[in-house]
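Encoded as structure tokens, the structure appears first; notes follow it.
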Amino acid sequence: ESIGGKKKMLEVLVIDDERSFGEMLRTLLSKEGYSVTYLNSASSALDHIAGGHFDAVLCDIRMPAMSGTDFLKQLAARELNPSVIMMSAYGCLDTAIECMKLGAEDYISKPFKPDELLLKLHKVVEREGLRSENERLRHQLRRGMGTIIGKSDVGTVSNPIYWEWR
């Protein structure tokens with residue numbers, strides 16, 4: 001996305017109780033041009049998400065106090081819908097499926113290659129951009145496009161075809 005001819009820096013929220021891992025992700029993503037906020041708990045992340053916009057959220061599944069799956073449930077309960085990629089060192093297909101059912105966009109097993117994460121993040125951000133554009137266009141259609149009145153030569157003189165959009 002660009003704003004005033006300048007490329008908008010995409011906002012990513014990283015939630016992981018392992019500080020060293022969170023800082024590593026912050027460094028990796030910052031080098032790729034993302035603006036990164038790192039938090040070490042899911043409960044504090046809920047307030048950040050409610051108070052701002054993030055293009056994507058990377059969230060660990062196993063954390064003390066509030067797990068990643070509980071975080072997804074809280075997002076749904078609060079009607080917050082950021083694009084979330086769940087991360088786990090305990091790769092389990094059942095957990096991945098549960099996360100997707102709870103609203104996660106994707107899932108990645110730790111450890112992962114940086115390119116693997118960047119590809120998943122790019123796809124999630126791209127999908128979010130398409131959703132936003134779709135919503136913006138729907139809103140424009142609902143607002144109306146003004147009045148359009150036309151006449152077609154297909155109709156006969158006694159039965160002209162007219163249409164009107166309001």
Smallest separation among heavy atoms of His53 and Glu11, with atom names: O-CB, 3.7 Å
Validation row: Ser41, Asp17 side chains within 4.5 angstrom (heavy atoms): no
Minimal non-hydrogen separation, Cys59 against Gly68, with atom names: SG-CA, 4.1 Å
Ile108-Phe21 co-clustered via ILVMFWY side chain contacts under 4.5 Å: yes
Other residues, nucleotides, ligands: >12 heavy atoms within 6.0 Å of Arg142 CZ: yes
Spacing of OH belonging to Tyr34 relative to OG belonging to Ser30, to within rounding of 0.5 Å: 11.5 Å
Side chain to side chain, Leu121 and Leu10, heavy atoms closer than 4.5 Å: no
Within 6.0 Å of NZ in Lys110, more than 12 heavy atoms from elsewhere: yes
Closest non-hydrogen atom pair between Val12 and Phe54, with its separation: C-CD2, 3.9 Å
Intermediate values then yes/no, side chain to side chain contact (heavy atoms under 4.5 Å, CB included), Leu58 and Met87: CA-CA 7 Å; Leu58 299 173; Met87 307 178 291; 4.1 Å; yes
Residue among Ile49, Val124, Leu13 satisfying side-chain contact (heavy atoms from CB on, under 4.5 Å) with Pro82: Ile49
Pair Glu128 + Arg131: basic N to acidic O under 4.0 Å: yes
Lys123 and Asp106: CA distance, side-chain angles, deciding distance, side chain to side chain contact (heavy atoms under 4.5 Å, CB included) verdict: CA-CA 10 Å; Lys123 286 182 177 182; Asp106 211 336; 6.0 Å; no
Single-linkage hydrophobic cluster Ile85~Met24, side-chain heavy atoms < 4.5 angstrom: yes
His122 side, atom NE2; Glu32 side, atom CD - distance, nearest 0.5 Å: 11.5 Å
Gap separating the CD atom of Glu105 from the CE atom of Met86, nearest 0.5 angstrom: 12.5 Å
Value rounded to 0.5 Å, distance of CG in Leu46 from NE2 in His48: 11.5 Å
Nearest non-hydrogen partners of Met9 and Gly33, listed with the distance: CG-O, 3.2 Å
Criterion salt bridge (Lys or Arg N to Asp or Glu O under 4.0 Å) on Arg138 and Glu135, from CA distance to verdict: CA-CA 5 Å; Arg138 285 177 190 255; Glu135 183 57 36; 5.1 Å; no
For the student: nearest non-hydrogen atoms of Asp60 and Ser88, plus distance: OD1-CA, 4.0 Å
Side chain to side chain contact (heavy atoms under 4.5 Å, CB included) evaluation trace for Ile15 with Met63: CA-CA 9 Å; Ile15 310 162; Met63 292 184 287; 3.9 Å; yes
Test item: Leu93 and Ile97 side chains (from C-beta on) under 4.5 Å apart, heavy atoms: yes
Side chain to side chain, Ile61 and Tyr107, heavy atoms closer than 4.5 Å: yes
Distance in Å, Gln140 CD paired with Arg143 CZ, rounded so as to fall on 0.5 Å steps: 6.0 Å
Whether Tyr38 side chain and Asp16 backbone form a donor-acceptor pair below 3.5 Å: yes
More than 12 heavy atoms from other groups under 6.0 Å of CZ on Arg136: yes
Closest contact, heavy atoms only, Val14 versus Gly22: CG1-CA, 4.3 Å
Flag side-chain contact, heavy atom, 4.5 Å: Leu25 against Val36: no
Single-linkage hydrophobic cluster Phe112~Leu118, side-chain heavy atoms < 4.5 angstrom: yes
Shared hydrophobic cluster, Val84 / Val125 (ILVMFWY, side-chain heavy atoms < 4.5 Å): no
Reported CG-to-CG distance for the pair Leu75 and Leu102, which is rounded to 0.5 angstrom: 10.0 Å
